[in-house]
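Just so it is clear, the model here is predicted, and its values are computed rather than measured. Protein chains get the first letters and strands the later ones, always in sequence-line order, with residue 1 at the start of each.
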Amino acid sequence: MTGVSPRLTFRRAFIGAGVLLAIAVPLLLFFAPKHSASPDQRAAGQGQAATVPSTPPPAAAPAPPATKPPATKPPAAGAAPATTTKGADEDPTLHDLAARSRRRLETTQAELHQQFDCKPVRKDESASADQYPVPNPPFTEGIFPCTRCHDRPDDHNETKRTLTLQHTDIKLVHGPREQWCYGCHNPTNRDMLRLAGGRLISFDDSYELCGQCHGPKLRDWRLGIHGRRVGCWNGKRQYLLCVNCHSPHAPHFPKLQPKPRPKKPTEIHARGDR
Amino acid sequence: MSVDGKRRLPVLQPTPEPQAPEGASRRAFLKLMGAAAATGMTSLTACTAEQRERFFRKHFKELSADELKRRLSILEAEYEKEYGKKFRVGAEPPIDGVVFAYGLDISRCIGCRRCVYACVDENNQSRDPQIHYITVLEMEKKHGVDLHHANEYYEPEQVPREGHFYFPVACQQCDNPPCTKVCPVGATWKEADGVVVIDYDWCIGCRYCMAACPYGARHFNWTSPSIPKDELNTNTHILGNRPRIQGVVEKCHFCLQRTRNGRYPACVEVCPVGARKFGNLLDPESEIRQVIETKRIFIFKDDLNTHPKFFYFYGL
Amino acid sequence: MPTPLKFIIASAAAALKSRSRLYYVWLAFLLALIAIGAHAYAQQYRDGLIRTAMRDDVSWGFYIGNFTFMVGVAAAAVVLVIPAYVYNWKPIKEIALIGELLAITAIIMCTLFVTVDIGNPLRIWHMFPLVGRPNFPVSLLAWDVVVLTAYLVLNAVIATHIMYKSYQNKPYNRRFAVPLILISIPTAVGIHTVTAFLLAGLPSRSYWNAAILAPRFLTSAFCSGPAIILILLQILRRTTRIKVSNDALFKIAELMAYAMFVNLFLFGAEIFRDYYSSTREIIHYQYLFGGGPYGHSPIAGYAWFSLLASIVSFLIFLIPKTRKNLVALNIGAVLIYFGVYIEKGVALVIPGFTPSTLGQIYKYAPSSIELRVSIGVFGIGALLFTLMVNVATKFLFANPKLQNHDGHEAEPAAEPAAGNAEESAAQPA
């Protein structure tokens, strides 16, 4: 580029940078992750439509497969498994139940490689008070404790209806058609669950509730032969809550996109010739 | 043309008394011998000490405790040099009183193949050319477990597909393995905890074991394996997932680097629907024994009498 | 200089000398083949066996097919040895050595085919006793190493002894050689039985897992090896002073006819069992002959040709009129050679792997490198055989007394027909 003055080059660079910024900044702003509203905002907004940014209405069809394609990126051929955080619903780009259920099923690399101290356990050691050490229930962020909003124990409308003010994203596809929220939730204290006999249990022991109808599954779960196993075969058994994998409101597993098929023998070549 | 007056054919002239050609041939012969000897010596001395060590490596079972330690550190140094990462190559022995067994619930498997790729990541399998220890077969419900209607290369948009079910197969860690019988050099054998292992420093790559395996579980490094450096798993076992070389056979080894330290194999942990079970067959309280007790298990190709430690069952 | 060294040097000289330019052209051609093979093998050694068309689903292919065929050829020396030394039949006794030389060549080719098929050739010493750790007696491959080496050593010792003695212009020592020769008969049966057991012992491959495989191997071997000898003897008869009576040729052909009959019968028995019982195993035969659920089979053409060639050549060798017609005899020999080559190569190894143990189909066909390496190995074999036969013609067959092996006066040498000298264009197969 002989013959071009330095001032001209600098000007061209300046203009070019400006154009790039003009394109990039709107794109970044458009695709930036949004943060969910704080509980106070929601409490203040009681009586209005939910301001949770996951606003677009959920999928109408109650049963999977989802009408929308899964929001997780399709994995590249031979790549590591999709790495999304399991169980927590704070990703606002996922609107529909099926996608949320799907994310419960995925495992992160970090989980696969997390450290466990797998020392053999003597029988009396395992029969401790905390016999089923489960993780925290996978609540949507900010949703618990329920009594932050439901602070009036006498205010409970037990008529079966479609909710329009809050929890509009929950579609109950679980159990017989007569089933409704208060089949499991406790109307007088929303921070507890209600067993069929009336006994109240914490959300941390929700498996007891599931086991009322799904007895054989609970039995198998206790033995360690139902559900995902993580951790030590030769140490203290790690348990997951039922709801860590099964959405309590739409427990049927959604279909998943399979990982890429293996290469056929005709597709395997020396690295030199492609 | 004629030596003694008779007509002779032009091609070969038979000589009644073969005479040793003096001088010239003998000199040529000795020259040739000298050259051959020189080449041999040169090639031996031209090898580096590392190459000589690698050539003369002993079979794993013949290593004393010290030699094993030395072998592990040699391997770690080799891998560090090649991949630029610090490797741990362990040699955990089988745990006393433990025989591993595996359970697979084919009423639950949805054919998502997350186990396949978790295994690839965990066990340093070659990405190019591709090696998968686990093969998932898509089968038709109306035919049941029928290999003539099985497809390894299914790729629908979503799984499970209507009318189909899924059947993953990997090394069954047989108790009567047909593969260990046929190895001509004894490079593969069954360990005390039931896992069939391969000594990658001893395997000559004849692939007889691959012909012998009824489950298609063994895979060969047709060329040198290649793994992206950032996807390497540096926590390895010498008989398990340490990086392999061109020309050796490899297969599932129940994630020795995990299981001999009390952990589940990678495929068990990643399965999103909980179709995989693992445990100690000798412990009546173990999960796999509970499965055998409460579910109905069946053996794949049991007519071949291989006695696998891989139990398929229908949990639902 | 001690006589053994003299003998080695004399043999080397004799092997390389010939009055015919055609001989040197032949040698140059073989060296060119060997060069092609060596170049191809260098590529394969560097990049690994991925340069072949073998993959996990079909993990043995062209090389092992050739190996199996050449073991059969090696075992076929028995077809000459039994009439010569067990029945003392003179016409064949004169030429039995050619069979032994062919056996040596074939065994060396077998070893080469296995070596090029191995993923880590530098580790081959792991298989040898004392230095390595062979899995003997459980592994059939370890057995194969033992019996192949034993057969090679036996034949090498016998052939060297006979040639050394004839170099010294003496008849060979019967008390030394004949027991060894007689031992080589069960050893020949042994090498091919072990090779058959290698395949038949695998429960995972139902196409091979049959007791009938070992007898089939032996009978097909006894057809194919002598076919080479038939053609070769006719060439040698015209280009050298070696006397080969037509009786010898016809007797060999007759024995081959019987062997082929048993071969076809055993094949028929296999076909009946599989197709009549109609169990899962027929899927492999369907891949071989076509008609299965997996569509077009790339090897069906070869399989049908092989079957037809075997039947036609059987008939040619059976009917005395066609057997005793040299033209028909040679056509039959070529047909039987290729028929068995396909039967023991393509039609044996590939359907065993297709469909795979998990029911998947990979339609294997050898790659260019596999073909070139195999051509190189055949070149090495042909070269070795040419050189050894050249030495034999100079040392043994030059002297009719020695050729007869029994010290009697030989028949007067037949005058070569005019013009035959120039017809020696056909080369050993």
How many angstroms lie between [atom1] in [X] and [atom2] in [Y], if you round to the nearest 0.5 Å?
X	Y	atom1	atom2	answer
B/Q130	A/K263	CD	NZ	4.5 Å
B/I288	A/I225	CD1	CD1	9.0 Å
B/K277	A/R228	NZ	CZ	10.5 Å
B/C112	A/E106	SG	CD	7.5 Å
B/D128	A/H269	CG	NE2	10.0 Å

B/E152/A/R261 salt bridge by N-O under 4.0 Å criterion: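 Result for this pair is no, no salt bridge flagged.
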Salt bridge check: are B/E269 and A/R229 linked by an N-O gap of less than 4.0 Å?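 Looking at B/E269 and A/R229, the cut-off is not met.
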What option among A/C118, A/C232, A/G227, A/G231 has the most heavy-atom pairs under 4.5 Å with chain B?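 Most pairs with chain B among the choices: A/G231.
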Relative to chain B, which of A/P216, A/P262, A/G235 shows the most heavy atom pairs under 4.5 Å?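 Result: the option with the highest number of such pairs is A/P262.
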What I'd like to find out is whether the side chain of [X] reaches to under 4.5 Å of the side chain of [Y], using heavy atoms alone.
X	Y	answer
B/Q290	A/D220	no
A/L256	B/R114	yes
A/F253	B/V273	yes
B/D283	A/W233	no

[options]: which one forms the most heavy-atom pairs within less than 4.5 Å of chain A?
options	value
B/S226, B/G274, B/G262	B/G262
B/T294, B/T259, B/T223	B/T259
B/A266, B/P160, B/G315	B/P160

Assess, by modelled atom type and distance only, whether the side chains of A/R271 and B/S224 contain a donor and an acceptor separated by less than 3.5 Å.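 Indeed, the side chains of A/R271 and B/S224 share at least one donor-acceptor pair under 3.5 Å.
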Got a sec: does the CD of B/E92 have more than 12 other heavy atoms crowding it under 6.0 Å?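 Yes, CD of B/E92 has more than 12 neighbouring heavy atoms, counting only those of other groups under 6.0 Å.
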Would you say B/E293 has more than 12 foreign heavy atoms packed within less than 6.0 Å of its CD?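 Counting neighbours around CD of B/E293, 12 or fewer heavy atoms of other residues, nucleotides or ligands fall under 6.0 Å, so no.
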For the backbone of A/P258 and the side chain of B/Y154, can you confirm whether one donor and one acceptor N or O come within less than 3.5 Å of each other?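 No, B/Y154 side chain to A/P258 backbone: no donor-acceptor pair under 3.5 Å.
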After noting the C-alpha distance and the side-chain angles of B/Y264 and A/N234, does the key distance pass the side chain to side chain contact (heavy atoms under 4.5 Å, CB included) rule? CA-CA 9 Å; B/Y264 287 114; A/N234 194 24; over 6 Å; no
Looking only at heavy atoms, which two atoms of B/Y153 and A/P265 are closest? And how far apart?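 That would be OH-CD, 3.4 Å.
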Part of A/D117 within contact of chain B (heavy atom distance under 4.5 Å):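 Nothing of A/D117, per the 4.5 Å heavy-atom cut-off to chain B.
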Residue part contacting chain B, namely of A/H246, when any heavy atom lies under 4.5 Å: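 Interface part for A/H246: neither.
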Considering only heavy atoms, which portion of B/F313 lies under 4.5 Å from any heavy atom of chain A: side chain, backbone, both, or neither?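 For B/F313, no heavy atom lies under 4.5 Å from chain A.
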Kindly indicate, with the supporting measurements, whether the criterion salt bridge (charged side-chain N to carboxylate O under 4.0 Å, His left out) is fulfilled by A/R237 and B/E287. CA-CA 10 Å; A/R237 190 178 284 145; B/E287 288 141 29; 2.8 Å; yes
